[in-house]
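Here's the structure we're looking at; comments come further down.
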Amino acid sequence: MYPRARHVRREHSGRRPSLARARGHGQHMVETVRVRFAPSPTGLLHVGSARTALYNWAFARHHGGVFVLRIDDTDPERSTDENTAAILDALRWLGLDWDEGPVAGGDHGPYFQTERSESYAGALATLKETGRVYPCFCTPEGLAERRTAAGGAWNGYDRVCRGLDPADTAERIETGEPHVWRLAVADDPPDIVFDDAVRGEMRFPGTAVDDFVLVRSDGTPTYNFASVVDDATMRITHVIRGDDHLSNTPKQIVVFEALGHDVPVFAHMSLIMGTDGKRLSKRHGAASVKAFREEGYLSDALVNYIALLGWSIDDKTVIVSRDELVEHFVLSRIANNPAVFDVEKLLWMNGVYLRDMEADRFRDIMVGELERAGLTDATDAAARPEWYGELAALVVDRTKTLNDLPGLVGFLFTDEVVVEEDARAKILLKEGAGAAIVAARETLELVDPFDAERIEAALRGLPERLEMKSRLVFQTVRVAVTGTTVSLPLFESIALLGRGPTLARLDAALPLTTP
RNA sequence: GCCGCGUUAGUCUAGUGGUUGAGGACGCCGCCCUCUCAAGGCGGAGAUCACGGGUUCGAAUCCCGUACGCGGUACCA
């Protein structure tokens, strides 16, 4: 009565999919790779989703294929336009451009699921014609009852509506009786087998798929139906997605086949976890791309870090640009075990990118951050680019995230330094601190020109003259000038500050050397 | 419950039967550099390759089982 589900087999080896044969077409046909990223706009772009997007993008670019962005906004309660906008924004920031989708357009649209109801209706119509689908009038309550009666551990469907008389059901539908549409699965289905491009051969018992709901009583498609219809009509060749969809795959394969469509290649990657081994979420701190951006991470660094969470080029390569990712990206090198997100390593990597950056570019970024923090403005930055360049050179090695910047250089942009209590107690109140300040003041007054080299040469003579440890002398001056015991290099800082402000700070600090 | 996936140092990983008494990176520790802090250089500790059986002359690598973790099992996506 119903066609038997076919054995689904891929001819290529699961680990190294051959594109020419990937979909079992004619052996000479090389299809254009088409992949998609389909986020639900129910929140910000999560780093886990970002990695899925990244891998899809890299795969498409590697094969000269098409990267489709589709918005799965079927959940009207939680989906918002703001979220959609934020996701597009995050994707752009990450440098993941899409060829088809919102804004970009394309021949396979619309790219919002809420606008594709015609497509789903059409797919349902074909399934009705081929008898692969039937209406079910069971109420949720009735179902629940039967399920608990069956032992509680069973959530399937008992097919009570499957044998109904077509004339009868047509009438009930006519009268407006609520009903869903269920897929009619073969009675004695064979195992469902597919070659996952990252995991190899996956085999599920045919009984893993029962007569599940395709269309809800309100007429909207369920995820497993909408997703398949979209992937089919958008001619997606490779479905690269999270592990959480692995168990849905057999269902989707059955739908693809019922629809008479080729089954795409599937590639399932595992999820990203927090340090507690649970799925990464806001509970673990920053979890969205936006949050990392706001915390001062570079998009290049985030992309690099995420790319290597569950994927690698070889046993040594750690710094990978987008271009290198595209060049080397292969599905078979995606790891199949879940990865814990380690902020420490991201932090380190961000520093690497900061240090590798063109000096001028870093300077401009720094200026932008200082403007944002209200420490400086564009006119000042434009007026003395060399000064900012020198500052930038001093600061790069000490910057982990962009948010560190204001704290690092703040002392240069204030009229009055506030000496930290701790620093005063530890340094200024030490024996000889006052003398050091007086001597430093006298020396610096005479340095000319007032540059780092000469300042250093002059100050270097002090310890011996004062018969003090050089460390103490310099720390004393540092605290007086910067207010803290840890700062940017002293001599350069003094040069950047200028003579006037430096002397003023020394004067102001002198009284602090006595209790 | 049932189905599926996973398990190499604190973390990310390399590794697909012998050259592995397990390589790289973050983190950690020490030394060097040094005006503080970084950055950089050098060195070090840290993994009985989850556990137990097998197969084999030989296993992190193949097979079976156990434990633990994760996912799915819905008119969520």
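Chain letters run A, B, ... following the sequence lines, proteins first and then strands; every chain starts at 1.
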(request) Answer with base, sugar-phosphate or nothing: what part of the nucleic acid does Ser217(A) contact at a heavy-atom distance below 4.0 Å? (result) base

(request) In whole angstrom, give me the gap between the C1' atoms of C68(B) and G52(B). (result) 15 Å

(request) State the CE-OH distance between Met234(A) and Tyr111(A), to the nearest 0.5 angstrom. (result) 6.0 Å

(request) Ignoring backbone atoms, test whether Arg355(A) places a side-chain nitrogen or oxygen under 4.0 Å from the OP1 or OP2 oxygen of G40(B). (result) yes

(message) Need one value for Arg478(A): base, sugar-phosphate or nothing, where a base atom within 4.0 Å counts as base even if backbone is also close, heavy atoms only.
(response) base

(message) Taking the minimum atom-to-atom distance to the side chain of Glu344(A), which one of G27(B), C12(B), C76(B) wins?
(response) G27(B)

(request) In plain terms, say whether Asp72(A) and Arg36(A) are close enough for a salt bridge, that is, a side-chain N and a carboxylate O under 4.0 Å apart. (result) no

(request) Verify the contact: side-chain N or O of Arg199(A) to OP1 or OP2 of G71(B), cut-off strictly under 4.0 Å; return yes or no. (result) no

(request) For the side chain of Asp315(A), starting at C-beta, report the closest nucleotide among G6(B), G71(B), A14(B). (result) A14(B)

(message) Between Asp243(A) and Arg279(A), does any NZ, NE, NH1 or NH2 come within less than 4.0 Å of an OD or OE carboxylate oxygen?
(response) no

(message) Please give the distance between the P atoms of C2(B) and A45(B) as a whole number of Å.
(response) 47 Å

(request) Mind checking Pro140(A) for me? I need base, sugar-phosphate or nothing, with any heavy atom below 4.0 Å counting as a touch. (result) base

(request) Quick one: look up who G21(B) pairs with, Watson-Crick or G-U, both distances under 3.5 Å, and put none if it's unpaired. (result) none

(request) Describe, in one word, how the ring planes of Phe137(A) and His179(A) are oriented to each other, choosing from parallel (under 30°), tilted (30 to 60°) and perpendicular (over 60°). (result) tilted

(request) Provide the Watson-Crick or G-U wobble partner of U56(B), both distances under 3.5 Å; none if there is no partner. (result) none

(request) Check the angle between the aromatic planes of Tyr55(A) and Phe329(A) and answer parallel, tilted or perpendicular using the 30° and 60° thresholds. (result) tilted

(request) With a 3.5 angstrom cut-off on both distances, give the Watson-Crick or G-U wobble partner of G46(B), or none if there isn't one. (result) none

(request) Using the C1' atoms only, state how far U7(B) lies from A47(B), rounded to an integer number of Å. (result) 13 Å

(request) Look up atom CD1 in Ile455(A) and atom CD in Glu492(A), then write down how far apart they are to the nearest 0.5 Å. (result) 8.5 Å

(request) Just compare G23(B), G27(B), C35(B) and give me whichever is closest to any side-chain atom of Trp348(A). (result) G27(B)

(message) Would you say Arg70(A) places a side-chain N or O within less than 4.0 Å of OP1 or OP2 belonging to A77(B)?
(response) no

(request) Would you classify Met349(A) as touching base, sugar-phosphate or nothing, given that sugar-phosphate means primed atoms plus P, OP1 and OP2, and contacts are heavy atoms under 4.0 Å? (result) nothing

(message) Please give the distance between the P atoms of C51(B) and A59(B) as a whole number of Å.
(response) 15 Å

(message) Work out how far the P atom of A50(B) is from that of A9(B), and round it to whole angstrom.
(response) 7 Å

(request) Could you tell me which nucleotide pairs with A14(B) by Watson-Crick or G-U wobble geometry, both distances under 3.5 Å, or answer none if nothing does? (result) none

(request) For the side chain of Arg216(A), starting at C-beta, report the closest nucleotide among C35(B), A38(B), A77(B). (result) A77(B)

(message) Checking base pairs now: Watson-Crick or wobble, both atom distances under 3.5 Å. What partners G40(B)?
(response) C32(B)

(request) Using a cut-off of strictly less than 4.0 Å, decide whether Ser312(A) has a side-chain nitrogen or oxygen near OP1 or OP2 of A14(B). (result) yes

(message) Nearest to the Asp397(A) side chain among A39(B), C35(B), A77(B), which nucleotide is it?
(response) A39(B)

(message) Given C3(B), G6(B), A77(B), identify the nucleotide with an atom nearest to the side chain of Pro205(A).
(response) C3(B)

(message) Please tell me if Arg182(A) has a side-chain N or O lying less than 4.0 Å from either OP1 or OP2 of C75(B).
(response) yes

(request) Describe, in one word, how the ring planes of Tyr120(A) and Phe225(A) are oriented to each other, choosing from parallel (under 30°), tilted (30 to 60°) and perpendicular (over 60°). (result) tilted

(message) Let me confirm one number: the CG-CZ distance from Asp195(A) to Arg203(A), rounded to the nearest 0.5 Å.
(response) 10.0 Å

(request) Give Ala208(A) one of three labels, base, sugar-phosphate or nothing, depending on what nucleic acid heavy atoms sit under 4.0 Å from its own. (result) nothing

(request) Grab the CG-C1' distance between Asp231(A) and A77(B) for me, whole Å please. (result) 13 Å

(request) Please determine, for C2(B), whether a Watson-Crick or G-U wobble partner exists with both distances under 3.5 Å, and give it or none. (result) G72(B)

(request) Taking only the side-chain nitrogens and oxygens of Lys400(A), find out if one of them lies under 4.0 Å from OP1 or OP2 of A39(B). (result) yes

(request) Please determine if a side-chain N or O atom of Arg460(A) lies less than 4.0 Å away from the OP1 or OP2 oxygen of C35(B). (result) yes

(request) Take Gly156(A) and Asn337(A), find for each the nucleotide of RNA chain B with the closest heavy atom, and name the residue whose nucleotide sits nearer the 5' end. (result) Asn337(A)

(request) With heavy atoms under 4.0 Å as the rule, sort Leu490(A) into base, sugar-phosphate or nothing. (result) base

(request) Classify the nucleic acid contact of Phe491(A) as base, sugar-phosphate or nothing, counting any heavy atom under 4.0 Å across all strands shown. (result) base

(request) Counting heavy atoms from C-beta on, name the nucleotide in G71(B), A25(B), U13(B) closest to the side chain of Ala339(A). (result) U13(B)

(request) Can you tell me, in whole Å, how much space there is between the C1' of C29(B) and that of C64(B)? (result) 43 Å

(request) Report yes if a donor N or O on one partner sits less than 3.5 Å from an acceptor N or O on the other, where the partners are the side chain of Ser270(A) and the base of G6(B); otherwise report no. (result) no

(message) Between A60(B) and U20(B), how far apart are the two C1' atoms, rounded to whole Å?
(response) 9 Å

(request) With a 3.5 angstrom cut-off on both distances, give the Watson-Crick or G-U wobble partner of U7(B), or none if there isn't one. (result) A67(B)

(message) Under 4.0 Å, heavy atoms only, any strand: does His245(A) hit a base, just the sugar-phosphate, or nothing?
(response) base

(request) Give the ring-plane orientation class for Phe256(A) versus Phe266(A), where under 30° counts as parallel, over 60° as perpendicular and anything between as tilted. (result) perpendicular

(request) Verify the contact: side-chain N or O of Asn248(A) to OP1 or OP2 of G72(B), cut-off strictly under 4.0 Å; return yes or no. (result) no

(message) What's the gap between G65(B) and C70(B) when it is taken at their P atoms, as a whole Å value?
(response) 22 Å

(request) Looking at every strand, decide which applies to Val180(A) at a 4.0 Å heavy-atom threshold: base, sugar-phosphate, or nothing. (result) base

(message) Check this one for me: any side-chain N or O of Thr74(A) less than 4.0 Å away from OP1 or OP2 of A77(B)?
(response) yes

(request) Remember a base hit wins even if backbone is also touched, and classify Gly242(A) as base, sugar-phosphate or nothing at under 4.0 Å, heavy atoms. (result) nothing

(request) With the side chain of Glu492(A) defined as its heavy atoms from C-beta on, choose the nearest nucleotide among A25(B), U8(B), C35(B). (result) C35(B)

(message) Suppose we call a contact any N or O donor and acceptor under 3.5 Å apart; does that hold for the side chain of Arg471(A) and the base of C35(B)?
(response) no

(message) Nearest heavy atom decides the nucleotide; on that basis, is Val486(A) or Phe204(A) closer to the 5' end of RNA chain B?
(response) Phe204(A)

